[in-house]
Q: 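This is the structure I have questions about; it appears just below.
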Amino acid sequence: MTTKQDYTYSTGLGLSVEVVCEISAHKQEPLWMLEHRLKALDYFLKQPMPAWGPNLSALNMNDIHYYIKKVKKAQRSWEDVPEQIHSTFEHLGVPQSERAYLAGLGAQYESEMVYHNLKDEWKKHGIIFLDTDSALKEYPDLFKEYFGTVVPYQDNVFAALNTAVWSGGSFIYIPKGIQLDQALQTYFRIDAERMGQFERTLIIVEDDAAVHYIEGCTAPLYKTTSLHSAVVEIIAKPRSRVRYSTIQNWSKNVFNLVTKRAIAQENAVVEWVDGNIGSCITMKYPCVVLKGAGAKAEIISVAMASSAEQVQDSGGKAIHLAPHTSSRILSKSLSSHGGRASYRGVVHIAKQAHHSKSFVQCDALILDAQSRSDTYPLIDVHNQSSSVAHEASVSKMNDDQIFYAMSRGLRKQQAQTMIVNGFIDPFVKELPMEFAVEMNRLIDLEMEQSIG
Amino acid sequence: MKTIKQQSLLIDQDNQTIMLHDLTQQKNSYNLGITVSAHCSVTLNETVDSVNHDAVQTLELCAHEKSTITYVCRLKSLADKFSLQKHIKARMLGPNAKISIFVYSHGKADQAITFTIEQEHTTDTCSSNVTVKTLLEDNATIDCSGIIKVAPQTKGNCATLTIKTIMLSDTASASTKPQLEILSDDVSCKHGATFESINPVALFYLQSRGIPCHSAQNMLLKAFLNK
């Protein structure tokens, strides 16, 4: 990357009370938010890093820009985009206009989202779709009512960090009874070297409303370690329906440590569709708290670890707190080239959550002898009328299947790619069309690199 | 609780059937290591029915080349209030070794049962099969964690872990952790865990054939533990 990094505003490297105050002052936030940030910072500084899961010792908290704002738009030209990104887009078949947008030449920038597209008709219905910073300014009461209610800063060390230094993210409010057929989309990007992205997304869906939110991520390749630690909070009111789809393809130097949680009230349906392809270490366990009777949760995820440094530690959590709730977790993982893919998940069925049902399935495919796959599920059941089933399998690619495909005239690599695409098909089916196509091509590309 | 020194035993004859009771002198807590030589097979039977206070039982099974170990453990009619910890380690040290473990337990009153089971695959083409079935009544709790470990550069290993729990009371609680740590690609490993109450369809069928509800229930539970 040769472009001169030209930032109009940055708090510099490292984290301190001054940095947090500066962020808050720069954003002209209300006092309660500053106090909230400082409380979270205090908590963060007192907490140790998690003792379980992947090794985070390469992460240096003092070597990160916690807040950067760039006001100048579209500074870079297509030639500045690294070659590798070029070829990735080529493979993905992204149209030229979109390439520019995806490569960060368009209107999406870093910590603060400059661009949001909300059609007039949605506005008419009272739908709010803003970046989180503007939402705090424009709808302070609504914001204060829900902010931090699903993921309090004491939840975990990275939630505390995010609460202290958050900026950007999306704020979505869907009023009563509004059903959106068209998905709301946004693209986040990590654009600056050594910059943490601490988005804070808050989605509030009122009674009987429905929304599908899509978050797509691409990031250019950089050498220095970057941190991405977002918090996503979803509040699904009675009988509402929320689907949150995301494919994460950060460059292979990013630590992706994310807290995603939803609260589902009476008869609400919450679905997480989550793909993890890039980044170096991912720790991401989308969670649904089934708080109202009859609520339903679905968590579908795919993880692909395809280099020796890569650890995909992902999974799902379903916390059943009310009767007649149901959840389904489907997790698929692929590991190749010394990569490590893990499933880590919790199903908790409380005593009062009678007649609840949960089904967990995790399948892993190991593509070569250097790679590794782990499964760490926890199942806790406290009543007799609920039923829980968990199953997991780990295997290599079936030789018979490869042989069959080759006997029908496919080359070995084509056969393998086909089998992998078949393996993740239950996930791809859940994606919107353009994402599904992109996903299949990404798999092709990864397979080419890993076997080719 | 102080740790007990491991007692070890080597089995080098084929087709052995051993009652574990005789080896442990009917003690509540024990620490036993059983090694089976190449080409031998052994069946270990254990019925735990005399525990009346807290007990820790540790059992290490080592199977050498082409040997087979089958271990069947039944926990029944124990005291109302006690805690039992059972740690089982199945180690396959030679190619083509096979270890099968079946644990059946019935928890009542305030009993607390903890199982940890480890299946360790260190060489090629071994198979291990673990089944844990538990029936829980009253305030009984069970904590069952199993782990399958497959070492790198091994081939053709096959491991399964099945944990089935039937809960008969709302005050009982069960927690399971069926884990996998697979560092090789040429494997076939599976685990499954289920929690349920008595199958209402099966119960209805038996009742429709003239069997009273209570006996039908007993019949189904008996079938569950004996399958």
Side-chain angles (χ1 to χ4, degrees), chain A residues 315 320 323 333-399, chain B residues 121 124 134-200 217:
Chain A
H320 294 252
S333 75
L334 290 159
S335 40
S336 67
H337 266 191
R340 177 175 176 183
S342 311
Y343 167 83
R344 201 183 291 277
V346 180
V347 173
H348 178 88
I349 298 197
K351 201 164 166 180
Q352 70 273 22
H354 54 83
H355 297 94
S356 294
K357 280 192 170 63
S358 177
F359 176 72
V360 182
Q361 184 185 350
C362 26
D363 297 326
L365 201 58
I366 308 184
L367 300 175
D368 56 41
Q370 297 83 47
S371 307
R372 148 168 207 185
S373 173
D374 306 305
T375 312
Y376 305 104
L378 171 65
I379 306 157
D380 239 331
V381 183
H382 295 274
N383 69 57
Q384 59 161 331
S385 52
S386 296
S387 92
V388 180
H390 170 101
E391 58 180 55
S393 69
V394 179
S395 58
K396 64 168 184 171
M397 226 181 264
N398 190 328
D399 289 333
Chain B
H121 288 255
D124 296 346
T134 313
L135 207 60
L136 288 181
E137 288 183 68
D138 310 328
N139 298 321
T141 60
I142 183 164
D143 192 332
C144 180
S145 61
I147 185 159
I148 297 175
K149 288 185 176 172
V150 179
Q153 258 93 48
T154 55
K155 290 206 178 329
N157 278 299
C158 178
T160 59
L161 167 65
T162 311
I163 302 170
K164 288 192 170 177
T165 310
I166 286 193
M167 313 253 288
L168 296 173
S169 114
D170 276 339
T171 44
S173 80
S175 159
T176 63
K177 261 185 258 177
Q179 311 184 63
L180 299 171
E181 276 186 6
I182 314 294
L183 283 81
S184 158
D185 65 328
D186 190 359
V187 290
S188 157
C189 292
K190 281 189 177 135
H191 71 206
T194 58
F195 294 86
E196 56 205 348
S197 60
I198 297 174
N199 184 345
Q217 254 181 15

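The structure displayed is predicted, hence computed values, not measured ones. Chain letters run A, B, ... following the sequence lines, proteins first and then strands; every chain starts at 1.
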Q: Strictly less than 4.5 Å between heavy atoms, which residues of residues 379-394 of chain A line up against chain B? Please order them by number.
A: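 The stretch touches chain B at A:Ile379, A:Asp380, A:Val381, A:His382, A:Asn383, A:Gln384, A:Ser385, A:Ser386, A:Ser387, A:Val388, A:Ala389, A:His390, A:Glu391, A:Ala392, A:Ser393, A:Val394.
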
Q: Report all side-chain donor-acceptor pairs from residues 147-160 of chain B shorter than 3.5 Å, counting only partners two or more places apart or in another chain.
A:
from     : atom 1 : to       : atom 2 : distance (Å)
B:Thr154 : OG1    : B:Ala151 : O      : 2.8
B:Thr154 : OG1    : B:Asn157 : ND2    : 3.4
B:Asn157 : OD1    : B:His121 : ND1    : 2.9
B:Asn157 : OD1    : B:Cys126 : N      : 3.0
B:Asn157 : ND2    : B:Thr123 : O      : 2.9
B:Thr160 : OG1    : B:Asn129 : OD1    : 3.0

Q: Counting heavy-atom pairs under 4.5 Å to chain B, which of A:Val360, A:Leu378, A:Asp363 comes out on top?
A: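 The answer is A:Leu378.
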
Q: For B:Ile182, run the side-chain contact (heavy atoms from CB on, under 4.5 Å) check against A:Asp374, A:Ile366, A:Thr375 and tell me which one passes.
A: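 Result: among A:Asp374, A:Ile366, A:Thr375, A:Ile366 is the only option passing the side-chain contact (heavy atoms from CB on, under 4.5 Å) with B:Ile182.
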
Q: Hey, which of B:Cys144, B:Pro200, B:Pro178, B:Ala172 has the most heavy atom pairs under 4.5 Å with chain A?
A: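 Greatest number of close heavy-atom pairs with chain A: B:Pro178.
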
Q: Only one of B:Gln179, B:Lys177, B:Glu181 passes side-chain hydrogen bond (donor to acceptor under 3.5 Å, both in side chains) with A:Tyr376; say which it is.
A: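 Among B:Gln179, B:Lys177, B:Glu181, the one that satisfies the side-chain hydrogen bond (donor to acceptor under 3.5 Å, both in side chains) with A:Tyr376 is B:Glu181.
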
Q: Which residues from residues 183-195 of chain B are near chain A, with near meaning under 4.5 Å between non-hydrogen atoms?
A: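 The list, in residue order, reads B:Leu183, B:Ser184, B:Asp185, B:Asp186, B:Val187, B:Ser188, B:Cys189, B:Lys190, B:His191, B:Gly192, B:Ala193, B:Thr194, B:Phe195.
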
Q: For B:Thr176, is it the side chain, the backbone, both, or neither that has a heavy atom closer than 4.5 Å to a heavy atom of chain A?
A: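 It is both, since atoms from each part get that close.
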
Q: Suppose a student defines contact as a heavy atom less than 4.5 Å from any heavy atom of chain B. Which residues in residues 340-350 of chain A would they list?
A: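 No residue falls under the 4.5 Å cut-off.
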
